[in-house]
Q: 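There's a structure below that I have some questions on.
Letters A, B, ... are given to chains in the order of the sequence lines, protein chains preceding strands, and every chain is numbered from 1.
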Amino acid sequence: MPEGHTIHRLAAALTARLGGHEVRASSPQGRFAEEAAVIDGARVRRVSAHGKHLFVEYAGRGAPVVHVHLGLGGRVVVGDTAAPAPRGAIRLRLETADAFADVRAPTVCELIDPARQRALIARLGPDLLARSPDPATARRRVSRSRVAIGALLLDQKLFAGVGNAYRSELLFRCGFSPWMPGSEVGADGFDRLWEEARRLLADGRRTGRVATVDRADLPRGQRRSAGRHLPPEDEASGSAVARARARETYVYKRADLPCRRCGSVVRTALQAGRDVYWCPTCQPGPADPSSARTDGAVG
DNA sequence: GATTTATGGTAAT
DNA sequence: TTACCCTAAATCT
């Protein structure tokens, strides 16, 4: 689930509930027990995000920071009640008298110092959800790279916060084949990708969903719900929600279905280790490597 | 009940 | 490029 928009949304939700409070910390699952004891009862200053990384910051100079990365399957369940009895594996539970946050299945959950936090952020590229992220480095590196733009978009050193769903949707909306080398995208093309990434991620942060289809491109019956905010309680689970989400993208997860714009069959292939989706008509450009390889090997 | 999948990232190769 | 990591939810049988 979590691309940058989810993490920023979480940071805001957690700051609102925990910021300024002395917060109980525990590890019902046990794997974060020692660390939780260190911060148990400490006052949370705020919860911040950079790209897909989440930081729980505590009051006081040099105070430790909880660093969380949710990876693929991780999630944070937020509630506005006293914390219920733990169910399942909860790596970290933060709670006040009337709110709680459960961190489940993160790939990273660690206690670090502020210097380490700064180092982590420095290692990442500009966060597309920051107030005014600087595109200069990414623009230069993309323009000089022979690597396909679809692979470059997943590089967190260039585009912190972009994940697999937004990659395909961004490329569709800007009309680029995922297989076009970065060097052929052009300065203007880069700028369009950059601005589109900022816009889509900001929409996602606002609404809680990766809904990238313009109203005009939806069937009439679906236009009414487009852009509606997702209630937080629906965010965590439910196959109905998952199905609804699958109808909110141009190409992501739509292999073999018709393109919403032109009706061509949406294609998919592995790129940079992840499934990328694209419309061969709306996104003209180099043929993907699999078709090229077939030509060469079989011909 | 078992298996697969996931909007991620790293380390080894 | 591949293997692997954690876990929950979706998908299978």
Side-chain angles (χ1 to χ4, degrees), chain A residues 1-10 27-32 35 49-54 67-78 86-93 102-110 119-121 123-125 127-129 147-148 150-173 178 197 200-205 207-213 230 233-255 268-278 289-290 293:
Chain A
M1 303 183 183
E3 296 188 31
H5 69 298
T6 305
I7 307 306
H8 277 263
R9 190 174 167 82
L10 271 172
S27 179
Q29 171 214 44
R31 286 183 50 185
F32 196 66
E35 297 89 336
H50 190 104
K52 300 167 186 170
H53 296 252
L54 188 72
H67 170 222
V68 172
H69 194 299
L70 293 178
L72 261 178
R75 62 199 189 111
V76 178
V77 177
V78 181
R87 267 188 312 107
I90 301 173
R91 184 80 61 88
L92 168 64
R93 166 170 279 183
D102 289 343
V103 179
R104 295 175 180 267
T107 46
V108 175
C109 181
E110 59 179 356
L120 278 168
I121 291 173
R123 209 184 56 197
L124 295 166
D127 183 347
L128 289 157
L129 283 170
V147 176
L152 293 171
L153 279 171
L154 290 183
D155 186 342
Q156 300 299 295
K157 290 186 178 68
L158 300 178
F159 304 95
V162 173
N164 202 32
Y166 281 120
R167 156 172 81 162
S168 288
E169 295 299 290
L170 279 170
L171 289 166
F172 177 89
R173 292 181 60 98
L200 291 186
L201 280 161
D203 285 351
R205 173 172 54 184
T207 63
R209 52 214 290 193
V210 184
T212 58
V213 181
L230 200 63
E233 62 270 21
D234 289 348
E235 211 164 329
S237 66
S239 58
V241 172
R243 281 197 297 276
R245 280 180 176 160
R247 292 195 294 268
E248 295 177 324
T249 60
Y250 279 108
V251 288
Y252 178 68
K253 287 271 173 170
R254 285 178 54 82
T268 185
L270 218 50
Q271 186 185 47
R274 323 288 301 277
D275 289 329
V276 69
Y277 302 81
W278 78 100
S290 62
R293 190 163 58 242

Q: Relative to each other, are the rings of A:H53 and A:H67 parallel, tilted or perpendicular (30° and 60° limits)?
A: parallel

Q: With rounding to the closest Å, how many angstrom separate the C1' atoms on C:dT1 and B:dT7?
A: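 Roughly 22 Å separates the two C1' atoms.
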
Q: For the pair made of CG in A:L270 and P in B:dG8, what is the distance, rounded to whole Å?
A: 13 Å

Q: Do the side chains of A:R254 and A:T249 get nearer than 4.5 Å, heavy atoms only?
A: yes

Q: Would you kindly give the CG-to-P distance between A:L201 and B:dT7, to the nearest whole Å?
A: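 Checked: the CG to P distance equals 16 Å.
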
Q: What nucleotide among B:dG9, B:dT7, C:dC6 has an atom nearest to a side-chain atom of A:N164?
A: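 Of B:dG9, B:dT7, C:dC6, B:dT7 is nearest to the side chain of A:N164.
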
Q: With a 4.0 Å limit, can you tell me whether A:Q29 has a side-chain N or O closer than that to the phosphate oxygens OP1/OP2 of C:dC6?
A: no

Q: Under 4.0 Å from OP1 or OP2 of B:dT7: is there any side-chain N or O of A:R209 that close?
A: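 For B:dT7, OP1/OP2 do not have a side-chain N/O of A:R209 under 4.0 Å.
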
Q: Mind checking A:R87 for me? I need base, sugar-phosphate or nothing, with any heavy atom below 4.0 Å counting as a touch.
A: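 It contacts nothing in the nucleic acid.
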
Q: Rounded at 0.5 Å granularity, tell me how far NE2 in A:H5 sits from OH in A:Y166.
A: 4.0 Å

Q: Could you state the CD-P distance from A:Q271 to C:dT1, rounded to the nearest angstrom?
A: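 Result: 10 Å.
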
Q: Check nucleotides 10-13 of chain B for protein N or O atoms closer than 3.5 Å to its own N or O atoms and list the pairs.
A:
unit_1: B:dT10; atom_1: OP1; unit_2: A:R123; atom_2: NH2; d: 3.1

Q: A:H5 NE2 to B:dG8 C1': how many Å, rounded?
A: 14 Å

Q: Between B:dT4 and C:dA3, how far is it from one P atom to the other, in whole Å?
A: 15 Å

Q: With a 4.0 Å limit, can you tell me whether A:H69 has a side-chain N or O closer than that to the phosphate oxygens OP1/OP2 of B:dG9?
A: yes

Q: CD of A:Q271 to CG of A:L152: how many Å apart, nearest 0.5 Å?
A: 8.5 Å

Q: With sequence neighbours excluded, tell me which residues meet side chain to side chain contact (heavy atoms under 4.5 Å, CB included) with A:T268.
A: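 Testing A:T268 for side chain to side chain contact (heavy atoms under 4.5 Å, CB included), a comparison that skips the adjacent residues, returns A:A255, A:D275, A:Y277.
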
Q: To the nearest angstrom, how far is A:R31 atom CZ from C:dC5 atom P?
A: 11 Å

Q: Look up atom CD in A:E3 and atom CG in A:L201, then write down how far apart they are to the nearest 0.5 Å.
A: 7.0 Å

Q: Would you kindly give the CG-to-C1' distance between A:L72 and C:dA3, to the nearest whole Å?
A: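 In whole Å, C:dA3 C1' lies 14 Å from A:L72 CG.
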
Q: B:dT7, OP1 or OP2 - any side-chain N/O from A:R274 closer than 4.0 Å?
A: yes

Q: Over how many whole Å does the gap from A:E169 atom CD to B:dT7 atom P extend?
A: 13 Å

Q: Does A:A89 have any side chain to side chain contact (heavy atoms under 4.5 Å, CB included) partners at least two apart in sequence or in another chain, and if so, which?
A: A:Q29

Q: Can you tell me the distance, in whole Å, between the NE2 atom of A:H50 and the P atom of B:dG9?
A: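 So the two atoms are 12 Å apart, to the nearest Å.
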
Q: When you measure from the side-chain N and O atoms of A:K52 to the phosphate of B:dG9, is any distance below 4.0 Å, counting only OP1 and OP2?
A: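 So the side-chain polar atoms of A:K52 do come within 4.0 Å of the phosphate oxygens OP1 or OP2 of B:dG9, strictly under.
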
Q: Report yes if at least one side-chain N or O of A:R104 is closer than 4.0 Å to OP1 or OP2 of C:dT7; otherwise report no.
A: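 Indeed not, no polar side-chain atom of A:R104 lies that close.
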
Q: In the structure I gave you, are the side-chain heavy atoms of A:I90 and A:V103 within less than 4.5 Å of one another anywhere?
A: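 No; the side chains remain at least 4.5 Å from each other.
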
